[in-house]
Amino acid sequence: MNKVTTATFQAMKNKGERITMLTAYDSTFAKILDNAGVEALLVGDSLGMVVQGHTNTIPVTIEDIIYHTRCVTRVTRRAHVMADMPFMSYQASIDQALINAGRCLKEGGAESIKVEGGEELVETVAAMTSAGIPVCAHIGLKPQTVHQMGGYKIQGKTLFSSEQLIAEARMFEEAGAFSLLLEGIVAETALEITRSVDIPTIGIGSGVGCDGQVLVVYDMLGLNNDFAPKFVKKYACLQDVITGAVGKYISEVKEAEFPGEEHSFHRDLQIVRKTSKL
Ligand code: KIV
């Protein structure tokens with residue numbers, strides 16, 4: 001089994017082979033996804049919403065990301081593991097970005113990191129890559145700036161904004177980023193970006209023209225029936241499966257049907273006889 005590396009992603013793009021990425025936050029999911037054959041696991045700051053119950057990703061800390069990255073890397077054998085740097089763990093200064101990105105690799109065991117940004121972040125990405133930290137630059141819809149954007153808005157709709165995104169993509173490639181994550185970008189622009197750079201692009205809500213795709217694993221497995229955005233395809237309805245299983249458990253406990261004989265332990269008769277002789 002060959003470990004998937006940043007070089008594997010580049011080779012896949014060169015061969016026109018699509019890259020698959022899913023989010024993972026714990027060892028149970030990581031093991032299942034790794035064994036299923038997904039090439040990359042992103043320890044996304046989406047954990048703030050799907051694990052911690054916040055309404056956005058802003059409260060997530062670098063400690064949270066390192067903890068969850070450790071849970072994932074401990075069991076992952078083949079997939080590449082990318083840690084998502086949370087809001088304000090890399091924006092304050094290049095030194096802060098280097099220290100926190102280094103912690104994701106040293107303490108979390110991640111093999112690369114992801115940062116959200118535009119032109120303002122190019123110097124930081126260059127510093128991180130020259131320090132030997134593989135960087136994925138996340139452009140387009142950047143959830144960490146939800147308040148600045150005034151909501152989650154699809155990007156690259158106009159000629160001006162699509163030219164701006166292409167320019168950002170090229171700047172990050174030049175700064176040494178090994179990949180780009182394109183979120184919430186209209187399909188035509190995402191395709192143009194993908195054709196404008198040599199490094200692989202991984203899309204979410206950005207059409208089929210990207211070199212790979214990523215989804216939040218809880219969304220694609222249907223763990224939340226209240227969340228159904230256009231860009232998510234539900235490959236299973238696990239909320240319904242879990243609700244059904246838990247309902248059955250509740251009724252079997254109430255009816256004293258569980259635990260059955262096969263789930264129960266009994267006294268060893270030989271021990272009982274010996275004890276009673278004494
Ligand atoms: O945090 C996250 O899950 C992300 C998505 C784009 C996949 O960044």
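Both counts, for ligands and for their atoms, begin at 1 and track the order of listing. The analysis underlying the following values was restricted to heavy atoms, covering all of them including side chains, and did not include hydrogens, waters or symmetry mates.
With respect to E39, the side-chain contact (heavy atoms from CB on, under 4.5 Å) criterion is satisfied by exactly one of R78, M21, R18: R78.
For atom 2 (C) of ligand 1, the closest non-hydrogen atom of the protein is S46 OG, 3.3 Å. Protein heavy atom nearest atom 6 (C) of ligand 1, with residue, atom name and distance: E183 OE1, 3.4 Å.
Contacts between L42 and ligand 1 below 4.0 angstrom, taking non-hydrogen atoms only, involve the side chain exclusively. Under 4.0 Å from ligand 1, the heavy atoms of D84 that appear belong solely to its side chain.
Considering all non-hydrogen atoms of both residues, L180 and C136 come closest at C-SG, 3.9 Å. Taking all atoms of both residues into account, the shortest heavy-atom contact from L181 to K114 is CD1-CD, 3.8 Å.
With D45 contributing its side chain and T57 its backbone, the two residues share no donor-acceptor pair below 3.5 Å.
Within ligand 1, the atoms closer than 4.0 Å to a non-hydrogen atom of G44 are 1 (O), 2 (C), 3 (O), numbered from 1 in the order shown. Atom numbering of ligand 1 starts at 1 in the shown order; those under 4.0 Å from a heavy atom of T23 are 3 (O).
Counting only N and O atoms by type, the side chains of D240 and T243 include no donor and acceptor under 3.5 Å apart.
Distances from atom 8 (O) of ligand 1 to the heavy atoms of K142, K114, Q213 put K114 nearest.
Pairs passing the ring-ring contact (aromatic ring centres under 6.0 Å, His included) check and including a residue from residues 192-233, sequence neighbours excluded, read Y25-Y218, F29-Y218.
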